[in-house]
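Structure record follows, encoded as structure tokens.
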2 protein chains.
Amino acid sequence: MTRDKLVQVAATLLDRGGEQAVTLRAVGHAAGLSHNAPYKHFRNRDALLAAVAIEDFEALTVAFTSVRSSPCSPKDKLLAALLSLVTFSREKPARYRLLFSAPSLAEANPELQARSAACLGEIVAMVDACKSVAELPDAPTKSLASLLLATVHGLVAMEANGILQPAKGLPTVEENLALMASLLSR
Amino acid sequence: MTRDKLVQVAATLLDRGGEQAVTLRAVGHAAGLSHNAPYKHFRNRDALLAAVAIEDFEALTVAFTSVRSSPCSPKDKLLAALLSLVTFSREKPARYRLLFSAPSLAEANPELQARSAACLGEIVAMVDACKSVAELPDAPTKSLASLLLATVHGLVAMEANGILQPAKGLPTVEENLALMASLLSR
DNA sequence: ACCTGAACACCGTTCAAGT
DNA sequence: ACCTGAACACCGTTCAAGT
């Protein structure tokens with residue numbers, strides 16, 4: 001389908017040249033269509049970017065579901081999920097930013113909000129599993145889940161922004177996460 | 001000075017209409033100059049935005065220094081500093097995003113990186129003061145400081161992205177920070 | 001239903017020229 | 001030194017028209 005191809009092309013352009021590389025003209029051309037063919041499938045540029053974000057949230061949710069059914073301990077599952085987010089942010093920074101650092105996109109897009117909620121729901125489920133075997137403190141599940149997700153996002157955002165520089169004696173994202181884990185399991 | 005006026009105009013436009021409202025033409029016009037006067041003071045648009053970010057980092061650093069010399073307990077100082085970041089992100093979201101969610105800006109701007117490092121340095125100092133009176137766990141100071149800053153940034157980013165919706169039973173930024181504080185002081 | 005091409009109103013950026 | 005105005009190459013978006 002043309003629509004799917006446009007979304008895929010947009011994702012590729014995001015990975016190759018960042019958000020500024022995603023012009024609707026480039027998307028149309030790379031899909032072998034005219035410069036405004038995208039308008040036959042998306043209301044505007046933001047709607048196309050939101051479609052990319054929705055697909056990525058879906059893929060993350062599927063990946064998290066898969067992690068949940070793996071034979072690891074609850075805590076290892078949770079850590080694996082969080083670390084996969086770190087990997088995603090490093091390999092596809094522009095697309096990652098669409099998910100967690102693009103307020104204007106989510107603002108008027110209920111479906112995108114629903115997908116991010118579903119993704120967070122997977123984290124909530126993993127946190128719940130940890131709590132049931134006492135691998136996490138006895139705080140509200142949703143609080144722990146949002147706090148953990150926020151920590152991961154904050155760390156990768158700071159890393160991307162050059163604030164977390166190992167050269168300046170600052171710990172890496174992984175070291176920070178390990179510290180967070182040790183603080184939680186005291 | 002014209003340069004300062006351009007930076008101030010850019011900041012005002014950011015607050016009023018977000019990053020997309022900051023066109024160099026609008027900046028020049030709002031400063032009573034021609035559409036390309038900004039080029040006499042800044043290499044390009046990114047350099048102007050970076051100048052705004054640098055001023056904001058400086059102001060934050062000054063505010064943090066002031067908090068440090070207040071008569072509160074070390075822990076209250078740290079919390080006050082972190083909460084002032086939350087306030088900043090809510091009142092001036094576009095400018096806040098320039099500080100912590102604009103990788104392309106910091107990438108080729110050593111001065112901006114230095115200012116963000118100085119700002120983080122204030123947090124480090126406050127964390128150190130907490131540790132010296134045993135109000136924080138005995139983990140490396142820089143690790144605790146970066147972890148705390150990351151948590152705050154992650155929370156306000158998730159809030160801005162509509163992921164932290166109190167309507168869906170999720171805790172507010174403040175509630176999450178209180179949980180983080182309680183986890184640290186166990 | 002889906003696509004194209006021309007057109008409009010913008011923008012960042014450059015450059016020659018003014019004082 | 002600092003600013004202006006014209007110009008260039010883009011872009012998002014709209015619209016009439018094609019199949």
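Because the structure is predicted, anything quoted here is derived from the model rather than measured. In what follows, every chain begins at residue 1, and chains take the letters A, B, ... in the order their sequences are listed.
Few gaps surround CD on Q165(A); more than 12 heavy atoms of other groups in view lie less than 6.0 Å from it. Enclosure of atom CD in Q8(A) is not indicated, since only 12 or fewer non-hydrogen atoms of other residues, nucleotides or ligands lie within 6.0 angstrom.
Across the protein-nucleic acid pair, K5(A) atom NZ and dC2(C) atom P stand 16 Å apart, rounded to whole Å.
For T2(B), a side-chain nitrogen or oxygen approaches OP1 or OP2 of dC3(D) to under 4.0 Å. The side chain of H41(A) places an N or O atom within less than 4.0 Å of a non-bridging phosphate oxygen (OP1 or OP2) of dC3(C).
Defined by atom type and a distance below 3.5 Å, a donor-acceptor pair is present between the side-chain atoms of K131(A) and T141(A).
The minimum heavy-atom distance between N161(B) and A106(A), with the atom names listed, is O-CB, 3.4 Å.
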How does each nucleotide of nucleotides 8-19 of chain D score, in 5' to 3' order, for protein heavy atoms under 4.0 Å: base (B), sugar-phosphate only (S), or none (-)? ---BBBBB----
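Sorted by first and then second residue, the ring-ring contact (aromatic ring centres under 6.0 Å, His included) pairs involving residues 137-156 of chain B (not counting sequence neighbours) are H153(A)-H153(B), Y96(B)-H153(B), F100(B)-H153(B).
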Intra- and interstrand pairs of DNA chain C - dot-bracket, Watson-Crick/G-U under 3.5 Å, | marks other strand: ||.|||||...|||||.||
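Listed for the R90(A) side chain is no donor-acceptor partner under 3.5 Å among the backbone atoms of L85(A).
In this structure, CE in M180(A) is found 9.0 Å from CG in L148(B), a value given to the nearest 0.5 Å.
Salt-bridge formation is detected for the pair E19(B)/R45(B): a Lys NZ or Arg NE/NH1/NH2 atom is positioned less than 4.0 Å from an Asp or Glu carboxylate oxygen.
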